[in-house]
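Only one structure is covered here, and it is reproduced in the block below.
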Amino acid sequence: MTDMNGTTPSGAPMPPVGDDHAHQAPPQPVQPTQPAQTAQTYYYQQSQPQQHAGTVTYEKKSHGLRTFLLAFAGALLACALAFGAFGIFNAVTGAASGNAGKDNNGGPSDSGSSTVLGSQDSSSTSGDEDENLTLPESVAKKCLPSVAAIDVYTSQSAMSGMYGYGNGAGPGDGSTLTQSSLGSGVVLTDDGYIITNYHVVEGGEAFKVTIEGEQYDADVVGADPSSDVAVIKARDASGLTAIEIGDSDDLVIGEWVMTIGSPFGLEQSVATGIVSATSRSQIMDSGTDMYGQSTGEATIYPNMIQTDAAINPGNSGGALVDADGKLIGINTLITSYSGNYSGVGFAIPVNYAVNLAQQIIDGKTPTHAQLGVSLSTVNEQSAQRYGLPTDTGAYVASVSKGSGAAEAGIQVGDIITAFDGQPVESASDLMLDVRSKNPGDKVTLTVNRNGQEQDIDVTLGSDESSQSASTQQQEGGSSLFEHLFGGGSSQDKAA
């Protein structure tokens with residue numbers, strides 16, 4: 001197994017581990033992977049630490065701008081109620097009739113089935129002739145009830161303990177819970193399951209969600225930190241409007257989209273744009289504390305959706321929807337010089353995110369595809385130093401017994417140069433390629449072995465058995481690639 005010093009078992013030559021080991025440090029902005037003076041990638045959870053302790057259980061910041069906008073919105077709502085009561089009545093009664101014969105999750109009544117996510121209402125938004133709504137108006141009307149604002153609270157004493165002073169006591173000792181950050185989420189079921197980003201809820205001790213003006217206490221159901229996906233549950237919620245789920249595999253570059261969330265705490269905000277690109281992948285490096293120890297694990301974002309629809313701090317975990325009002329992505333990252341909107345934002349594809357959310361809600365451990373190798377990046381310098389036959393690719397430092405890679409015949413010293421016909425220039429490239437697949441998928445790896453290239457078919461395994469590695473990594477010092485690719489055990493490293 002490769003250790004952090006770049007050594008390999010059995011004395012096999014291996015290039016040193018490079019800077020492609022990207023980790024993530026939510027919710028703070030991370031260091032850019034690009035050269036200096038280029039744009040940085042940020043999380044868009046809005047962090048607003050309090051500067052003083054209050055005397056109430058929950059202390060929420062006041063927003064002068066939000067107060068004005070809410071008052072103005074209230075006036076507009078009064079007008080809407082005066083002139084549009086009949087239309088609202090029809091919408092409510094139509095939704096009620098559409099749920100007839102279904103359980104409280106919007107699915108067929110079946111106590112033995114898993115929770116069904118998303119609305120079953122497939123009504124179009126592209127032609128409300130009765131109300132003569134434009135496309136943005138129609139999409140906003142359909143989707144706004146399904147997007148939540150999330151307020152995250154942390155105790156002052158716990159925050160003090162984090163930084164080396166105070167006793168680090170929790171909320172149970174009578175300490176004040178102060179709003180520390182905020183984000184957004186998307187309602188998946190009418191009884192209150194909400195998908196959001198892990199970096200929105202990470203470190204929070206208490207949560208409140210606001211949905212259609214109603215506020216609920218909420219609890220974290222589970223999370224997949226390596227994918228930046230989390231699920232929370234609004235307590236005692238019922239009759240919520242679950243969003244309709246679309247298909248992110250069918251996206252076309254240039255198609256119309258809308259972002260929905262709470263930028264800068266301005267709840268129920270929308271912005272429109274287009275799909276700028278697809279299949280944008282990113283690995284975010286974890287941060288380190290004052291002693292140089294890792295504060296988390298790498299976060300892998302495969303095949304993200306790029307959009308120019310505005311995404312700002314507070315939009316994290318919110319919805320990216322298409323022209324039919326269907327959820328196609330979870331707003332997550334931004335590339336910017338300033339940390340605010342610069343026209344380049346990214347969303348986790350809904351097919352990927354909701355699959356993980358479904359596993360979490362069903363009480364399962366989220367799983368990902370696994371190759372079963374430990375890797376290092378090959379570059380021009382390492383190729384010259386170690387006499388490697390190619391100067392790009394992913395060097396195989398070890399192979400796990402019983403893994404898909406081992407069964408396919410991948411060997412230590414192989415250099416993987418292509419994945420399903422697409423070039424692999426680094427270990428990070430291969431990491432993203434593998435994460436974009438599902439356990440059980442068959443892929444073709446192009447391998448350079450002693451200067452000769454050959455194609456090898458590999459059936460990817462699952463990382464279910466190694467999902468506890470986030471804890472083991474901190475306790476046992478296992479490397480990033482051990483965790484993500486299922487490399488050898490600590491005994492293998494010792495050998």
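Since the structure is predicted, the reported quantities are computational estimates derived from the model, not experimental observations. Computed from heavy atoms alone, side chains included, the values below leave out hydrogens, waters and symmetry copies.
A donor-acceptor contact shorter than 3.5 Å links the side chain of S184 to the backbone of S262. Put simply, the side chain of Q179 never gets that close to the backbone of D151: no donor and acceptor are under 3.5 Å apart. When atom types are taken as modelled, the side chain of S428 and the backbone of S426 share no donor-acceptor pair closer than 3.5 angstrom. T154 places no side-chain N or O within 3.5 Å of a backbone atom of G204 that could act as its donor or acceptor partner.
The side-chain heavy atoms of L375 and L430, taken from C-beta on, include a pair separated by under 4.5 Å. Taking 4.5 Å as the limit, some side-chain heavy atom of L177 sits within range of a side-chain heavy atom of S155. A 4.5 Å side-chain heavy-atom check between T335 and F346 finds at least one atom pair inside the cut-off. For the pair I211/I194, a side-chain contact is recorded, criterion being any heavy-atom separation below 4.5 Å from C-beta on. Q215 places none of its side-chain heavy atoms less than 4.5 Å from the side chain of V209. Counting heavy atoms from C-beta on, the side chains of S226 and I300 never come closer than 4.5 Å. No side-chain heavy atom of K233 sits under 4.5 Å from any side-chain heavy atom of I361. Between D224 and Y198, every side-chain heavy-atom pair lies at or beyond the 4.5 Å cut-off.
Between atom CD of residue E212 and atom OG1 of residue T241 there is a gap of 4.5 Å, rounded to the nearest 0.5 Å. In this structure, Q370 CD and E464 CD are separated by 11.0 Å, a value rounded to the nearest 0.5 Å. Distance CG/L251 to CG/N303: 11.0 Å, rounded to 0.5 Å. Atom-to-atom distance recorded for Q268:CD and I260:CD1 is 8.0 Å, nearest 0.5 angstrom. Note: T259 OG1 to N331 CG = 6.0 Å, rounded to the nearest 0.5 Å. In this structure, the separation between OG on S436 and CG on D420 is 8.5 Å, given to the nearest 0.5 Å.
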Margin query: For a side chain to side chain contact (heavy atoms under 4.5 Å, CB included) check, start with the C-alpha distance between V139 and W256, then their side-chain angles and the critical distance, and finish with the verdict.
Written below: CA-CA 11 Å; V139 172; W256 186 94; 3.8 Å; yes
Next item on the list: List the steps, then state whether side-chain hydrogen bond (donor to acceptor under 3.5 Å, both in side chains) holds for Y352 with S227.
Entry: CA-CA 9 Å; Y352 183 77; S227 298; 3.0 Å; yes
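The side chain to side chain donor-acceptor pair (under 3.5 Å) search around D247 returns N351, not counting sequence neighbours. When the side chain to side chain donor-acceptor pair (under 3.5 Å) test is applied to E214, no partner is found at least two apart in sequence or on another chain. Legend: residues meeting side chain to side chain donor-acceptor pair (under 3.5 Å) with S342, ordered by chain and number and at least two apart, are S336.
Taking both residues in full, the closest heavy atoms of L460 and K437 are given as CD1-CB, 3.5 Å, listed atom of the first, atom of the second, then distance.
Side-chain contact check for S338 and N340: no donor-acceptor pair (N or O, by modelled atom type) lies under 3.5 Å.
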